[in-house]
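Throughout, a chain's letter reflects where its sequence line sits, starting with A, and its residues are numbered from 1.
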Number of protein chains: 2
Amino acid sequence: MNKRALGQNGSPLHESVRAEISRRIADGIYKPGDVIMSTAQLGEEFGVSSITVKRALRDLQSEGVLTSIPGKGTFVKDRRRFIREVDVCMSSQDDARRHGFDTKIELISITKERITDPALSVFELPNKVLLCVRKVIYADGVPIMYDSAYVPTNIADEIVDEFGERYIVDALRRHNVDIKDMSIIIDASPASVEAQRIFSIPNGYPTLRRLYDLKTKDPATFVIGIVESPFDRLACSVRLNSLQLSKMVKTKK
Amino acid sequence: MNKRALGQNGSPLHESVRAEISRRIADGIYKPGDVIMSTAQLGEEFGVSSITVKRALRDLQSEGVLTSIPGKGTFVKDRRRFIREVDVCMSSQDDARRHGFDTKIELISITKERITDPALSVFELPNKVLLCVRKVIYADGVPIMYDSAYVPTNIADEIVDEFGERYIVDALRRHNVDIKDMSIIIDASPASVEAQRIFSIPNGYPTLRRLYDLKTKDPATFVIGIVESPFDRLACSVRLNSLQLSKMVKTKK
DNA sequence: GAGTGGTCTAGACCACCCT
DNA sequence: GGGTGGTCTAGACCACTCC
């Protein structure tokens, strides 16, 4: 058999196949939006089984480089990514607009439940039933964030009514509820099952998460939540100028 | 054949297997550090082929839940994660110590090269050969960051000599070179090949990255770089108090 | 109906670890 | 030698799309 068209070295065949396909994408032989050859064709070309090719393609999907649509083919993704200032992450929608893209909010559900997501246990969690608001945020028509926010159940109805169309912080601010203190944790994570469904991404796909704990003057009013985004759709930026920098050096003393 | 011990619903078998094993870990039936049953045993118990079990276990590895050691078995990882203030990310080592863990720096290489990593192209990149300092940072003996920093080649030798033992910002500050402006981009990404090797993580494993662009008074002196960390080893935190918050609202007007 | 990707299996081989 | 996980294949079946 004519195996070893790839994989002369000690590495597994599927890695060689993956590397070769990555190379073709990097070199522009396969362009964003293109269908690449079928697994059968690729297998024949490389002298490997189509199953090995499928394995390589699946790994490339987890890397965010390809998408496969059953019955149609495997496509090269185009990668454009939004960047948001950290403090804007859960802040004003107007800011986002000002940054040049059009956002839309889709309300998924408003339920009463306890916080069970272990990721949020980095914060001090109230052990009682809360109002959970789940929504998806779109930018230019593409879903970029999946937000689950928990607020006390005694929030005024007229505020809750606004959750579907506004960021929670915006809704609170409009009713003169101001945030006194916020702590945000940014991390990466393999996609949750909900995120897999919402963003059409495979298991293990890296996501960027922001966990937030917002406090107000009134300790009975708070917002705790988590936002999840596919890694190729969103990044966060932090910018510090010399004024802020010098202040930090001071406060550290 | 007795298939369908799992997978009554429409989901693939390997997903059901994965869900069941996740459940056992969540329920504490498989504890961190434990070896779980062999693929053959699991396959028999679930009435599926060992290959399907292997597929499920591989997905769980990409999620950071399991590690397999060939010839020994598959182990449940313990997950402890460090959290660092964003501004500390590439700042003082003393700060890290003060935050309660012991850091160590291992210098990998100092080379002369151009920046080729496409991730860094979010910044304005100088198109010339730079000094590239690669290092691994350990916390409590565990590697948590892989840092590649680029500085101009004309940096004084006595500063370069310190790169192996200090954070670059620290080394610069010791020689009275102060940072005027810094912009940081935080994102997630599948592990680079170097990160896979350094952290012993599989292809596709989610990592948290920080891309940084530090400017000084002198435009000829700058630091551009990228830090990569396995998602289960590091998270970043941002904390804003009411003073800073109110200032932001002001400056936004 | 022909082509696509996704799943599942049986069976084989390998490298590795332990005893 | 007997266990482990990792790889690779052939072959089968499915659901899907497009013609």
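A/Q61 comes within contact range of the sugar-phosphate backbone alone, with a heavy-atom separation under 4.0 Å but no base atom that close.
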Steps toward side-chain contact (heavy atoms from CB on, under 4.5 Å) verdict (B/V122, B/L211): CA-CA 9 Å; B/V122 286; B/L211 321 176; 3.9 Å; yes
side-chain contact (heavy atoms from CB on, under 4.5 Å) assessment of B/H14 paired with B/D59: CA-CA 9 Å; B/H14 66 86; B/D59 286 346; 3.9 Å; yes
A/I226/A/D117 under side-chain contact (heavy atoms from CB on, under 4.5 Å): CA gap, chis, key distance, verdict: CA-CA 9 Å; A/I226 179 167; A/D117 191 333; 3.9 Å; yes
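In this structure, A/Y167 and A/I137 approach most closely via the heavy-atom pair OH-CG2, 3.8 Å.
Evaluation of the side-chain contact (heavy atoms from CB on, under 4.5 Å) rule for B/E113 yields B/T111, B/C132, B/R134, B/Y150 as partners, not counting sequence neighbours. Residues meeting the side-chain contact (heavy atoms from CB on, under 4.5 Å) test with A/E63, sequence neighbours left out: A/R18, A/L60, A/V65, B/P190, B/N203.
The pair A/R24-A/E45 meets the salt-bridge criterion, with a side-chain N (NZ, NE, NH1 or NH2) lying under 4.0 Å from an Asp/Glu carboxylate O. Between A/R23 and A/E20 there is a salt bridge, since at least one side-chain N of the basic residue sits less than 4.0 Å from a carboxylate O of the acidic one. Salt-bridge formation is not detected for the pair A/K135/A/D147: no Lys NZ or Arg NE/NH1/NH2 atom is positioned less than 4.0 Å from an Asp or Glu carboxylate oxygen.
Within 6.0 Å of the CD atom in A/E106, the count of heavy atoms belonging to other residues, nucleotides or ligands exceeds 12. Heavy-atom contacts from other residues, nucleotides or ligands closer than 6.0 Å to CG of A/N127 number 12 or fewer.
Rounding to whole angstrom units, CG of residue A/L42 and P of D/dC8 are separated by 15 Å. Protein atom CD1 of A/I21 is 11 Å distant from nucleotide atom P of C/dG5, rounded to whole Å. Straight-line distance from the CZ atom of A/R58 to the C1' atom of C/dT4: 17 Å, rounded to whole Å. The CG-P distance, from B/L66 to D/dG6, rounds to 10 Å in whole Å. Taking atom CZ of residue A/F46 and atom C1' of nucleotide D/dC8, one finds them 16 Å apart after rounding to whole Å. For the pair B/E44 CD and D/dG3 P, the computed distance is 13 Å after rounding to whole Å. A straight line from NE2 of B/H14 to C1' of C/dG5 spans 13 Å, rounded to a whole angstrom. With rounding to whole Å, B/R18 atom CZ is found 13 Å from C/dT7 atom C1'.
Contacts with DNA chain C (heavy atom under 4.0 Å) in residues 49-57 of chain B: B/S49, B/I51, B/T52, B/R55, listed by number. Looking at residues 23-40 of chain B, you'll see that no heavy atom sits under 4.0 Å from any atom of DNA chain C. Of all the residues in residues 190-202 of chain B, not one reaches under 4.0 Å from DNA chain D with any non-hydrogen atom.
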Identify the pairs formed between an N or O of the protein and an N or O of nucleotides 16-19 of chain D at a distance under 3.5 Å, and give each distance.
from: D/dT17; atom 1: O4'; to: A/G71; atom 2: O; distance (Å): 3.4
from: D/dC18; atom 1: OP1; to: A/K72; atom 2: NZ; distance (Å): 3.1

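When ring centroids are compared, A/F231 and A/Y205 come within the 6.0 Å threshold.
Side-chain contact annotation: B/S68 with B/T74, donor-acceptor N/O pair under 3.5 Å present.
Between B/I36 and B/L42 there is a side-chain heavy-atom pair separated by less than 4.5 Å.
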